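I have placed the structure first, in the form of structure tokens, so that the comments after it can refer back to it.
All chains are named by letter (A, B, ...) in the order of the sequence lines, taking the proteins before the strands, and each is independently numbered beginning at 1. Please read all numbers here as calculations on a predicted model, not as lab measurements. Reckoned from all heavy atoms, side chains included, excluding hydrogens, waters and symmetry mates.
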Amino acid sequence: MPREALHLDNDAVAHVLDEIADLLELKGENVFRAVTYRAAARSIRDLREPLAELIEQKRLKEIPKVGPSVGEAIEQLVATGRSIRHEELQAAVPTGLLTLLGVPGVGPATARAIYDHLRITTIDELEQAAKDGRLRQLPKIQTKTEENILKSIAALRQRTGRALLNEARAAANTMLAWLRQETGLELLAIAGSLRRFRETIGDVDIVAGSDDAPPIMAAFVRAPTVERILANGDTKSSVLVARGMQIDLRVVPPRSWGAALLYFTGSKEHNVRLRGIALKRKLLLNEYGLYRVGAEARGQELACASEEEIYAALEMDWIPPELREDRGEVDAASRHALPALVAVGDIRGDLHTHTNWTDGRDPLETMALRAKAKGYGYLAVTDHSPGLGMTNGLSLERVQARLAEAAALNAKLAPFRILVGTEVDIRANGKLDYPDDVLARFDIVTASVHSSFSQPRDQMTARIVGAIRHPLVTALSHPTGRLLERREPYDVDLAAVIAAAAETGTRIEINGGPERLDLPDTWIPRAIANGATLVASSDAHAIEELEWMELAVATARRGWATPGAIANTRDLDAMLASRKKA
DNA sequence: GCCGTTTTCGGCCCGACTGTTTTCAGTCG
């Protein structure tokens, strides 16, 4: 069934508002107008209610940065799929300019100049003009700029999108190890979206604290993984490593370490809030420290050595990086009302893992020994059901053998406990992939969708809610089915899924697989508020992937989850007893 | 275009690097 074209959903509206912002910049209007449209787009992406609902209840003005003009555009977009302001701008600005804006290094002014002089509107034309040496005939463009534009286009074509968390972490850790080896530096840390555990990573940010920056910069740009140097300054450099991933390094004096870490961790929106608060107190906050306005030139900082010191000087509690998204954490920290977030150390066991009996790589005993070594009290092994042909799902005979294998290992490893579970497929027709008498033999049953992803919303929702209501199902795995940077989520009414989970006591998984991170962090507060219980799982297919639990916990933290919201922070008996189902 | 414990008008975070410049605009994060 084709999507109803007339009713733009929140993401689609946000997309148009972003485009309006781009067009305003290209048109050369007051930049703050563009800033406002972008800020409004972001607020809308953070909303957990449909815009149509807010319009109906006349609550649009409650959205930050939405006033009369933006509100009118939103109403038009939701009602008709179009906005007069947007269409006027499209008529006034050649649409090709938006394409040029997508090339890194080309901003509104350059895009405008290129179009005005050469009438270029596509990347291909831009590339050809650069190769022909026509760009350098424009004012303020010489060969260097031309070369950079060509390099940017090449990188753009090579680039596959944002990096997954584990890929970005690997690239960052390799660079950190290199810098430590070459410089012996102690003050060295990952900042940016990677430190905040955002689900995908654009650039990797690294901060170093030292009074002697040049040797550090030199080591950075000659690192073996570097493929291209984008910028190489006294205190700031940028490089590209494999697959077009960018790494930025900033060196600050050690006394500014805390201010720099805070600044480069972001998010940008969080920083803007902090600076606004600082300004109201006649203070200036930058990457070097917190100063009384006017005193920064004299180097008389109030605070800057640690993040804690800076937050304290602004009369706030220290805010965990995962919360720094300007989603209420600044106010909560000012009221000293931040939640005590769940931490990796709170996790007592993993409830979703696979072995080499289906699509995993390691045997059960190896997985169990690693889980035990990690300090867990229990490990649920949840190999697939047979319906998923490609994963060699367990037949009834093999389920029997698995139970025997686990019993023998449990005798050996006690008090550590292996729970024999299954990741049972929810078939296209909503039926589970094992009969009830087989499901009843498992300690844990987690249900998931692995096929027929394109079912209509109503059908998909009924299919999943049906599984949640099944009395033998203890959890729902990766509720949206998305694969980051690879596959969109299936169309499902998550609010209905959460409501059914809360009602029945079936748990909702936060899957730590770096491609999934599903339930997404933005839905976690809603699940908690509605009384659903969550579990954090690694979905490990090998022993080293048990470490993906950290990503599941980070996602939970980004969703403001406390230990109480996560079932597997409890020891085995309490975890099993907290299940509402028999 | 939005917003208000300085303000209903006049601000809106702040600084580094690059390239093309004799002092700065453009871009980025």
| field | For the student: nearest non-hydrogen atoms of A:Pro254 and A:Leu187, plus distance | value |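 Answer, listing the atom of A:Pro254 first, then A:Leu187: CB-CD1, 3.9 Å.
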How far, in whole Å, is [M] from [N] if one measures between their [atom1] atoms?
| N | M | atom1 | value |
| --- | --- | --- | --- |
| B:dC28 | B:dT23 | P | 26 Å |
| B:dT20 | B:dG26 | C1' | 11 Å |
| B:dT7 | B:dG1 | P | 25 Å |
| B:dT8 | B:dC12 | P | 15 Å |
| B:dT18 | B:dG10 | C1' | 33 Å |

| To the nearest Å, how far apart are A:Leu279 CG and B:dT6 C1'? |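 Rounded to whole Å, this separation is 12 Å.
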| Who pairs with B:dT8 - Watson-Crick or G-U, where each distance is under 3.5 Å |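 Check on B:dT8: unpaired, no WC or wobble geometry under 3.5 Å.
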| request: Go through the N and O atoms of the side chain of A:Asp205 and the base of B:dG29, and report whether any donor-acceptor pair is under 3.5 Å. | output: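 Answer is no: no donor-acceptor pair is held.
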With the criterion being N/O to N/O and under 3.5 Å, what pairs connect the protein with nucleotides 18-22 of chain B, and how long is each?
residue : atom : partner  : partner atom : Å
B:dT18  : OP1  : A:Asn232 : N            : 2.6
B:dG19  : OP1  : A:Asn148 : ND2          : 3.0
B:dG19  : O3'  : A:Thr145 : OG1          : 3.0
B:dT20  : OP1  : A:Gln142 : N            : 2.4
B:dT20  : OP1  : A:Gln142 : O            : 3.4
B:dT20  : OP1  : A:Thr145 : OG1          : 3.1

| query | Nearest nucleotide by nearest heavy atom, which residue falls closer to the 5' end of DNA chain B, A:Val106 or A:Lys282? | reply |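 Mapping each residue to its closest nucleotide by heavy atoms, the 5'-most match is A:Lys282.
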| said: Need to verify one output field. Residue with the more 5' nearest nucleotide on DNA chain B, A:Gly107 or A:Thr36? | reply: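 Closer to the 5' end of DNA chain B: A:Thr36.
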If only side-chain N and O atoms of [X] are considered, is one of them under 4.0 Å from the OP1 or OP2 phosphate oxygen of [N]?
| X | N | result |
| --- | --- | --- |
| A:Arg33 | B:dG1 | yes |
| A:Ser237 | B:dC17 | no |
| A:Tyr291 | B:dC14 | no |
| A:Asn286 | B:dC14 | no |
| A:Arg85 | B:dG1 | yes |

| query | Should the pair A:Arg119 and A:Tyr115 be classed as cation-pi, given the thresholds of under 6.0 Å to the six-membered ring centre and 45° from the axis? | reply |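 That pair qualifies as a cation-pi contact.
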| Side chain proximity check, A:Leu54 to A:Ile74, heavy atoms < 4.5 angstrom |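 A:Leu54 does not reach A:Ile74 side chain to side chain.
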| Looking at side-chain heavy atoms only, is the closest gap between A:Leu494 and A:Arg526 below 4.5 Å? |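 The answer is no, as the side chains (C-beta and beyond) never meet within the 4.5 Å cut-off.
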| query | For A:Phe32 and B:dC2, are the ring centres under 5.5 Å apart with planes inclined under 30°? | reply |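 Given the distance and angle limits, no, they do not stack.
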